[in-house]
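Reviewing the structure listed below.
Here the structure is a predicted model, which means the values were calculated and not measured. Chain letters run A, B, ... following the sequence lines, proteins first, then strands; residues in each count from 1.
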There are 2 protein chains.
Amino acid sequence: MSSEVTGAPPTGDALTPGARRVLDAAAELFYGRGINAVGVDLIAKQAGVTKKTLYDRFGSKEALVAAYLRERDERWRRWLTARVNEAAEAADLAEVGAPEQEAARAAVRVLATFDALERWMRRENPRGCGFVNAAAELPDAAHPGRQVIADQKRWLRGYLRELCHAASASDPDTLADELVLLHEGAMVLSGLAIVDAPVRLARDVAVRALAQRGVVGT
Amino acid sequence: MSSEVTGAPPTGDALTPGARRVLDAAAELFYGRGINAVGVDLIAKQAGVTKKTLYDRFGSKEALVAAYLRERDERWRRWLTARVNEAAEAADLAEVGAPEQEAARAAVRVLATFDALERWMRRENPRGCGFVNAAAELPDAAHPGRQVIADQKRWLRGYLRELCHAASASDPDTLADELVLLHEGAMVLSGLAIVDAPVRLARDVAVRALAQRGVVGT
DNA sequence: GTACGAGTAGACCGATCGGTTTACTCGATA
DNA sequence: TATCGAGTAAACCGATCGGTCTACTCGTAC
């Protein structure tokens with residue numbers, strides 16, 4: 001009787017207080033130590049909750065992993081779009097003629113993704129991309145977390161494509177792929193601490209890629 | 001009495017037949033399923049060996065992980081340098097004047113690293129960079145495998161620096177860092193299958209980076 | 001006033017974890 | 001002939017794995 005396992009994991013906002021603490025603890029532990037290195041007992045303990053609560057709310061460790069990735073994805077998307085829009089609004093485009101104003105603002109947006117990434121890495125991603133790390137630990141294609149990872153990467157590509165189109169770049173789709181490449185490379189190098197300022201480096205390369213594609217701006 | 005644990009793990013070539021099979025099994029399982037998802041029992045079973053042999057030869061799982069990474073590193077270095085040298089020898093530089101011959105050959109070498117990478121990813125790295133994946137699973141800075149990972153990445157940077165210097169690039173060190181960035185980004189995207197031909201893409205960006213640095217050639 | 005959702009406390013399950021141990025076999029070397 | 005390194009076979013260790021279960025306590029909403 002009593003509590004029945006909810007088949008679908010929580011959407012993110014309608015969490016009970018216990019579930020909220022479980023997800024927070026899981027996020028910290030999964031990212032910091034690796035998914036397979038963290039047991040459900042430890043998560044429950046750190047959340048100040050019993051395993052029963054964890055399983056009543058999330059159903060399985062697999063589902064909890066997927067929920068962790070989903071929420072991380074949401075946070076990243078909100079962060080990125082917010083920083084990009086801020087930069088576009090703050091940009092001073094006085095010397096740009098009215099006809100090119102829109103394209104110039106889009107160019108600012110593209111480069112702002114690198115600034116957003118740089119701050120994100122410092123604040124939330126010192127151990128590299130959480131999705132790439134998760135993919136390394138989830139070789140099983142059937143794992144529900146794999147879908148979240150694929151969605152995350154596809155979303156970034158789509159978002160950069162939009163920005164490249166708006167910036168009137170020639171061959172915007174290829175340019176977007178190149179920007180994704182630079183983003184991923186910068187994230188890996190940030191986690192490995194082998195190059196000094198990898199995101200800055202990626203941004204510099206991006207600037208040249210933009211210029212080469214006829215994008216006006218910075 | 002009998003067998004004593006060897007403190008230092010084997011160097012790679014002087015392995016007993018049992019140790020050889022253990023290392024081969026470990027390499028396949030660690031890369032294919034992730035380090036933390038594979039137990040020593042499974043490795044021993046797949047190698048057709050008892051756990052005693054595994055522990056007599058390697059001492060601990062940690063040391064076995066380090067040995068796996070060391071051998072993978074050696075294989076990659078051998079592969080990369082061999083392909084690069086092949087390409088340099090095969091290059092037809094008839095129309096290049098004698099004074100620039102050496103620089104032109106070095107330029108060929110730089111681009112050959114991407115061709116070598118592309119074939120390596122198809123043959124040995126379908127799940128992405130084994131070192132980046134391992135880093136995701138080894139958050140403990142004291143783990144012996146971490147040193148191997150850092151060495152591997154630093155070696156690539158040093159190798160690319162040599163090639164960039166030999167190619168008479170302006171600012172060769174920064175160029176080398178950019179090439180490392182492109183290599184890492186291409187490896188991540190190869191593992192995630194989100195972009196069609198990530199290594200080809202990285203190579204194209206590299207060509208432009210070379211031209212921008214005054215490197216003659218392809 | 002009672003039914004229900006969210007929670008605690010904690011025992012329990014079989015399986016597996018990394019690692020150790022004892023006892024024995026085999027082939028080569030000295 | 002004696003020794004020794006490499007190996008097999010298999011039991012054993014305490015700890016932890018993901019997951020289940022019973023019994024009970026709240027607070028709220030109908």
Open item on the list: Applying a 4.0 Å non-hydrogen cut-off, can you work out what T53(A) is touching in the nucleic acid: base, sugar-phosphate, or nothing?
Closed with: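 Base, at least one base heavy atom under 4.0 Å.
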
If I take atom [atom1] in residue [X] and atom [atom2] in nucleotide [N], what distance separates them, rounded to the nearest angstrom?
X      : N       : atom1 : atom2 : value
I43(B) : dG19(C) : CD1   : P     : 11 Å
L54(A) : dG7(C)  : CG    : P     : 11 Å
Y55(B) : dA9(D)  : OH    : C1'   : 17 Å
R21(B) : dG7(D)  : CZ    : P     : 8 Å
D56(B) : dG19(C) : CG    : C1'   : 12 Å

- [ ] Please determine if a side-chain N or O atom of R57(B) lies less than 4.0 Å away from the OP1 or OP2 oxygen of dG5(D).
- [x] no

Open item on the list: Is it the case that the side chains of R33(A) and N36(B) hold a donor-acceptor pair, with the cut-off being a distance below 3.5 Å and no angle test?
Closed with: no

Task: C129(B) and its side chain to side chain contact (heavy atoms under 4.5 Å, CB included) partner, picked from K153(B), M121(B), R72(B) - done: K153(B)

Task: T16(A), nearest nucleotide to its side chain (from dA6(C), dG19(C), dA6(D)) - done: dA6(C)

Where do N or O atoms of nucleotides 9-17 of chain C meet protein N or O atoms at under 3.5 Å, pair by pair?
none

TODO: Check the angle between the aromatic planes of W76(B) and H183(B) and answer parallel, tilted or perpendicular using the 30° and 60° thresholds.
DONE: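 Ring orientation of W76(B) relative to H183(B): perpendicular.
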
Task: Ion pair check, R157(A) and E162(A), cut-off under 4.0 Å - done: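 No, this pair does not count.
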
- [ ] Sorted by first residue and then second, give each side-chain hydrogen bond (donor to acceptor under 3.5 Å, both in side chains) pair with at least one member in residues 37-49 of chain B; sequence neighbours left out.
- [x] D41(B)-K51(B)

Open item on the list: Test: salt bridge (charged side-chain N to carboxylate O under 4.0 Å, His left out). Region: residues 124-143 of chain A. Which pairs qualify, not counting sequence neighbours?
Closed with: R75(A)-E124(A)

